[in-house]
Amino acid sequence: MIQSVRGTKDLLPGEIEKFQFLEKTIRNVTELYGYKEIRTPIFEKTEVFSRSIGENTDIVNKEMYTFIDKGGESITLRPEKTAALVRSVIQNNLTHDVASLRLWYFGPFFRYERPQKGRLRQFHQFGAECISSANAEADAEIILLANHLIKKLGINEYDLQLNSLGNEQSRADYRTELVKYLNENKESLSEESKSRLESNPLRVLDSKDNADKKIVESAPIIIDYLDNESKLHFDKVRELLDKAGVKYIIEPRLVRGLDYYCHTVFEFRSSALGAQDAFGGGGRYDGLFEQLGGKQTPAVGFAMGAERLILILDAINVLQNIKNDCDIYVVCSSEKLLDSALVTAEQLRNHQYKVVSDLQRRSFKAQMREADKLSAKYCVIIGDDEESRKAVTVKNMKTGTQAEIKRDLLQTISFK
RNA sequence: GCGGAUGUAGCUCAGUUGGUAGAGUCCCAGAUUGUGGCUCUGGUUGUCGCGGGUUCGAGCCCCGUCGUUCGCCCCA
């Protein structure tokens with residue numbers, strides 16, 4: 001038996017409806033905010049990601065599906081969306097004729113990681129990006145949108161964590177101080193944190209190692225190093241969220257893994273998940289356009305993991321009883337009436353009903369059973385008697401009541 | 001990439017100190033000579049993840065391998 005590739009999953013009937021529900025909801029909510037959908041290729045030139053995400057991140061170092069195509073070009077299956085989206089915005093000059101460019105997406109992404117609950121090698125993310133505004137209003141709008149979406153999905157138990165990384169200067173100042181502090185405590189740090197101290201010291205802050213945590217507790221926090229501009233920006237974001245009634249927690253150790261973030265960063269977490277408890281996150285990335293060869297353009301956005309969101313929805317039993325496989329099941333009492341059943345079903349479909357009939361040439365009883373299993377609201381019954389009278393019997397499956405009617409009148413009935 | 005668990009019917013699982021497999025559910029049919037759900041009766045389904053080894057004999061023990069899962073790491 002050939003198996004699917006490790007870390008990939010078939011989305012079967014029963015599961016796919018959950019994805020459709022997610023996509024439908026995000027489509028509705030983003031529309032409320034004036035966001036437009038964008039779809040970009042599944043693969044990009046490798047540099048799109050290597051130049052943006054960060055040379056020191058595991059994503060770029062170990063997790064990308066990269067290959068050389070037949071033309072000798074290095075190609076990478078997209079491990080995330082933002083960089084690819086920015087490439088597209090630059091290439092198509094989408095910021096040219098709008099004040100604020102608002103985009104959303106939903107699709108598959110690829111990372112070569114060890115599979116785990118809520119972590120697959122092919123997974124799905126959706127998100128939104130707000131481009132061309134450097135103001136706190138844009139940060140607030142993106143967080144409001146993400147928050148609105150979560151609520152709309154029926155999720156009420158979650159944390160929104162918020163922090164600011166400040167502008168480049170603030171971050172550099174803080175980094176210097178942090179490295180100094182961590183070096184003073186270097187002996188007590190875990191091996192991993194020691195190496196991160198060289199490569200990406202900010203990430204020591206969200207280490208799960210207990211010894212590290214203790215050291216981090218008394219480490220300098222970035223908010224104290226924000227310059228005036230950065231501080232004003234962050235204060236304004238918080239003020240806007242407060243006014244809009246969005247609850248959040250300031251988490252000074254929240255840094256995010258991707259290099260391109262600055263100023264506002266945030267994450268959504270749920271205890272319904274395991275170790276992978278973040279189901280969404282985002283932030284501002286004012287420097288990314290330049291890194292990818294565009295002109296300086298401020299932007300802010302978020303992404304959410306579809307599989308993780310579905311784990312939460314399953315845990316809180318949203319999405320249980322959306323069963324509506326069919327409105328009408330057309331039953332016939334003998335094989336010679338199968339043709340009539342098929343034709344009747346087709347006529348009813350022309351009136352926008354979901355209609356099913358038997359394909360197995362089974363008994364009357366078996367057809368009724370299938371009707372029940374598909375939760376048909378009505379059965380249209382064709383028997384010899386009905387056929388000879390050019391009529392059918394209509395049975396309401398919920399109440400059990402039934403009545404015979406002339407076939408020409410069938411189209412005038414409402415099967416709601 | 002590292003550490004721990006685990007893999008038996010479509011699904012959930014049992015399988016006693018090694019003696020070549022079972023339950024529930026699902027599905028199919030019947031009881032009901034044209035009427036579903038409830039009930040009862042009967043029936044189908046397995047390379048016991050895969051490959052080696054030990055043994056007269058392996059679902060059970062050993063080794064390897066693949067998958068899953070829980071943590072680390074990473075991140076959504």
Side-chain angles (χ1 to χ4, degrees), chain A residues 1-9 12 14 22 53-54 56-64 79-82 106-121 123-127 146 150 190-193 195-196 200 203 206-210 212 254-258 266-270 273-283 301-312 329 331-334 337 360 362-387 393-402:
Chain A
M1 183 180 61
I2 301 174
Q3 291 186 327
S4 55
V5 174
R6 181 172 162 86
T8 67
K9 242 171 81 176
L12 307 173
L22 271 187
I53 296 172
N56 295 318
T57 62
D58 276 9
I59 294 182
V60 170
N61 280 329
K62 314 181 206 163
E63 296 177 358
M64 294 204 304
E80 62 116 31
K81 180 72 178 196
T82 305
F106 184 96
F109 296 91
F110 308 85
R111 289 181 202 171
Y112 188 85
E113 296 184 279
R114 181 93 179 245
Q116 203 171 307
K117 186 181 187 180
R119 191 169 81 182
L120 294 165
R121 288 183 175 178
F123 58 100
H124 296 79
Q125 283 191 352
F126 54 84
I150 295 165
S190 65
E191 286 309 311
E192 260 146 7
S193 287
S195 75
R196 272 189 295 221
N200 197 351
R203 297 215 45 88
D206 55 16
S207 170
K208 285 179 188 170
D209 182 90
N210 280 330
D212 290 352
L254 176 65
V255 290
R256 310 275 306 154
L258 280 44
F266 55 93
E267 269 182 16
F268 294 94
R269 291 173 187 274
S270 164
L273 300 166
Q276 321 297 326
D277 64 343
F279 62 90
F302 78 89
M304 288 191 194
E307 284 82 3
R308 288 186 190 179
L309 236 0
I310 286 170
L311 284 173
I312 298 172
Y329 194 104
V331 180
C332 61
S333 67
S334 64
L337 295 171
Q360 304 290 339
R362 290 186 298 178
S363 69
F364 190 90
K365 186 186 181 67
Q367 293 176 48
M368 288 300 292
R369 261 203 291 264
E370 185 171 31
D372 188 57
K373 205 165 68 188
L374 297 177
S375 10
K377 296 191 188 86
Y378 291 89
C379 274
V380 165
I381 299 168
I382 305 173
D384 293 319
D385 298 348
E386 284 91 343
E387 190 71 358
T393 295
V394 174
K395 172 165 180 158
N396 181 319
M397 293 297 276
K398 200 167 179 185
T399 62
T401 57
Q402 60 183 56

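The chains referred to below are lettered A, B, ... by the order of the sequence lines, with proteins before strands, and numbering in each begins at 1.
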Nucleotide-resolved protein contact map, nucleotides 28-42 of chain B, B/S/- at heavy-atom distance under 4.0 Å
SS--B-BBBB-----

Using the [atom1] atom in both, what is the distance from [N] to [M], to the nearest Å?
{"N": "B:G36", "M": "B:G46", "atom1": "C1'", "value": "32 Å"}
{"N": "B:A5", "M": "B:G19", "atom1": "C1'", "value": "29 Å"}
{"N": "B:A58", "M": "B:U20", "atom1": "P", "value": "11 Å"}
{"N": "B:U69", "M": "B:U39", "atom1": "P", "value": "34 Å"}
{"N": "B:C50", "M": "B:U6", "atom1": "C1'", "value": "16 Å"}
{"N": "B:U45", "M": "B:U25", "atom1": "C1'", "value": "13 Å"}
{"N": "B:G43", "M": "B:A9", "atom1": "C1'", "value": "15 Å"}

Determine whether the aromatic ring of A:F109 stacks with the base of B:A76, defined as ring centroids separated by less than 5.5 Å and ring planes inclined by less than 30°.
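The ring of A:F109 is not stacked on B:A76.
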
Using a cut-off of less than 4.0 Å, is there contact between a side-chain N or O of A:R196 and OP1 or OP2 of B:C74?
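Yes, such a contact exists.
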
Would you indicate, yes or no, if B:C75 has its OP1 or OP2 atom less than 4.0 angstrom from a side-chain nitrogen or oxygen of A:R308?
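So the side chain of A:R308 is outside the cut-off, no N or O lying under 4.0 Å from OP1 or OP2 of B:C75.
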
Report which part of the nucleic acid [X] touches: base, sugar-phosphate, or nothing (heavy-atom distance under 4.0 Å, all strands).
{"X": "A:R111", "value": "base"}
{"X": "A:A278", "value": "sugar-phosphate"}
{"X": "A:R269", "value": "nothing"}

From B:C66, B:C75, B:C73, pick the nucleotide closest to the side chain of A:Q3?
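Ranking B:C66, B:C75, B:C73 by closest atom to the A:Q3 side chain puts B:C66 first.
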
Output the distance between atom CG (A:D209) and atom CD (A:E191), rounded to the nearest 0.5 Å.
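Here the interatomic distance stands at 10.0 Å.
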
I'd like to know if the side chain of A:R269 reaches the main chain of A:D277, judged simply by a donor and an acceptor atom lying under 3.5 Å from each other, with no hydrogens or angles considered.
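Absent.
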
What are the two closest heavy atoms between A:R114 and A:R119, and how far apart are they?
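Residues A:R114 and A:R119, closest heavy atoms: O-NH2, 2.6 Å.
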
Under 4.0 Å between a Lys/Arg side-chain N and an Asp/Glu carboxylate O for A:R362 and A:E370?
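So A:R362 pairs with A:E370 through a salt bridge.
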
Do any N or O atoms of the protein come closer than 3.5 Å to N or O atoms of nucleotides 68-72 of chain B, and which pairs are they?
unit_1, atom_1, unit_2, atom_2, d
B:U68, OP1, A:G7, N, 3.2
B:U68, OP2, A:R6, NH1, 3.2
B:C70, OP2, A:K117, N, 2.6
B:G71, OP1, A:A275, N, 3.3
B:C72, N4, A:R119, NH2, 3.3

Quickly work out the A:F302 CZ to B:A76 C1' distance and round it to whole Å.
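Rounded to whole Å, this separation is 11 Å.
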
Suppose we screen for ring-ring contact (aromatic ring centres under 6.0 Å, His included). Which residues come up paired with A:F302, at least two apart in sequence or across chains?
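If we apply the ring-ring contact (aromatic ring centres under 6.0 Å, His included) test to A:F302, skipping adjacent residues, there are no hits.
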
